[in-house]
Amino acid sequence: AYQLTNLKAGEIISVDFLSSDFDGYVNIYNLTTDKEVASNDSDQNFKTRLTFSPQENNTYIVRVTGSNEGKTGDYTLDVNNLTKIYPSGSSFPGELSNTDANADGGEDNQFVDDYQLTSLESGSLVKIEIDSDEFKTYVEVVDINSNNTIVNSNNYADKSDSSDNSSYLIFSPASNTNYIVRISNSDSESQNININEPLKYNIKVSSTSNPEISGEGSIIPGTLDLDDYNAYVGTYIDDFSLTGTTVGKPIKIELDSQEFNTQLELVNTDTQEVIYSIDKSDDNYNSQLTFIPTSGINYTVRVTNYEDDEIGKYELKTQPIDIPTFTLSDSQLNSLSGKLTSEDFINLNPESEGFEYYSNNYQLEGLKEGKTYTLSLSSLDDNSDGYIELINAANQEIIYAGHDKFTYYDSSIIFTPQQNIDYVLRVSGDYSDSLGTYRIDFTEIPEVSAKGHEDSYLLSNTDKYYSKYDSD
């Protein structure tokens with residue numbers, strides 16, 4: 001075993017192992033976390049490569065073990081920082097040779113060059129192009145954190161000219177992720193190539209920032225065409241960075257086309273995770289969603305198709321939506337009636353039980369500080385089961401979530417308003433098809449002094465049931 005020193009967080013390290021005397025097994029171990037971070041088998045005369053990105057102030061060792069009992073011999077370990085490449089848009093040369101590491105799982109004459117891809121903008125469109133006059137090229141992008149290949153040039157094979165040696169790929173990087181660009185001679189050609197002399201190639205990395213669309217109101221005409229294919233996503237896409245968002249201020253997004261079945265997606269720019277996806281309506285090609293931005297998330301609006309390979313012209317539109325205000329009167333009982341429809345907001349708060357279901361939102365006014373209220377939701381249609389939540393308008397955090405454990409109502413909340421908090425009441429369906437009319441009762445709970453109080457009350461059939469299992 002050997003301790004690796006002079007490591008720097010954020011760098012990507014390659015460890016190459018080769019032995020002509022025995023089959024080996026090599027692994028990299030983090031002593032600080034007591035976890036293995038990379039490992040691989042190596043056949044005799046086969047140079048294997050491990051890659052990893054060290055964490056700050058962690059200690060790492062490399063272990064070498066013979067795979068066969070009794071087999072010993074000489075071996076070499078070659079440890080290096082990967083060369084960094086940037087999305088500058090300019091080309092630079094490289095070469096594959098028989099001194100490079102063998103491609104994992106490849107033939108003896110298939111070799112790889114690895115580069116660290118750096119200075120990336122999350123959500124941008126990165127294109128990597130490889131060209132050679134001497135061999136059929138192959139390129140892939142590896143997420144070093146998971147050691148998974150996320151996209152490769154074979155995904156684009158039917159989009160390029162198969163008669164030349166060039167290859168390319170396109171992907172959108174996530175934030176705080178280290179990527180390796182891995183170049184090799186193509187699987188299909190490797191058995192027919194004998195690398196006695198270095199194989200020269202050129203590599204070009206370019207990056208395009210997404211166009212912007214403002215949540216304050218925009219109309220953008222566009223076209224999905226053949227150049228918009230993105231194998232990382234698996235279809236044709238146009239991405240737009242959503243600007244002009246305000247936490248708690250709803251935005252309606254509409255995607256219209258007369259030429260293809262649309263699919264509209266809202267994507268977390270930093271993680272590249274699809275937050276919500278909605279396709280065409282039942283009676284036309286158009287898609288729409290309305291959502292409320294939350295704090296700490298950058299949004300990308302993605303235009304794509306509902307059916308593979310469909311392309312054409314479209315119009316993308318955004319507009320801000322006002323949240324209606326419900327003001328409580330001085331009466332001890334106030335009621336609010338409403339209706340959930342498929343045109344309402346999509347609840348995109350992942351902490352909510354109704355995540356990704358339709359919702360109505362109301363800005364509450366007239367609440368009395370220090371008074372205690374009961375909020376009770378009643379569904380008036382058979383399929384409109386739902387629940388209520390109280391939201392902090394400033395950060396969209398859920399303050400109270402309604403329950404149905406002890407009441408006849410679909411959902412109820414008992415709370416006392418606090419100073420300096422603006423409350424939003426959210427009504428959500430229990431399921432995506434929980435649509436219909438509802439009523440919310442706001443009851444100010446009467447006060448009873450603990451210092452001595454005596455009064456008479458009437459329990460009537462207009463009062464709440466406190467056992468949902470009683471028939472009357």
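Predicted model only: the values in this text are computed from it and were never measured.
Using a 3.5 Å distance cut-off with no hydrogens or angles, the side chains of Tyr168 and Asp131 do not pair a donor with an acceptor.
Contact of the Gln319 side chain with the Glu216 side chain is not registered, since no non-hydrogen atoms from C-beta on lie closer than 4.5 Å. Side-chain contact between Lys339 and Thr341 is present, with at least one heavy-atom pair separated by less than 4.5 Å. Between Glu11 and Asn81 the shortest side-chain heavy-atom distance falls below 4.5 Å. Taking 4.5 Å as the limit, every side-chain heavy atom of Thr290 sits out of range of all side-chain heavy atoms of Asp344. Side-chain atoms of Ile13 and Thr51, non-hydrogen and from C-beta on, never get closer than 4.5 Å to each other. Between Thr177 and Asp143 the shortest side-chain heavy-atom distance falls below 4.5 Å. Looking at heavy atoms from C-beta onward, Phe52 lies out of side-chain contact with Ile12 at the 4.5 angstrom threshold.
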For this session: Please report the C-alpha distance between Lys317 and Asp256 in whole Å, then the side-chain angles of each, then the deciding distance to 0.1 Å, and finally whether the salt bridge (Lys or Arg N to Asp or Glu O under 4.0 Å) criterion is met.
Result: CA-CA 8 Å; Lys317 182 166 63 176; Asp256 300 338; 5.4 Å; no
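The aromatic ring centroids of Phe17 and Tyr75 lie less than 6.0 Å from each other. Separation of the Phe260 and Tyr306 ring centroids does not fall under the 6.0 Å cut-off.
Residues satisfying the side chain to side chain contact (heavy atoms under 4.5 Å, CB included) criterion with Lys47, sequence neighbours excluded, are Asp16, Leu18, Ala101, Asn102.
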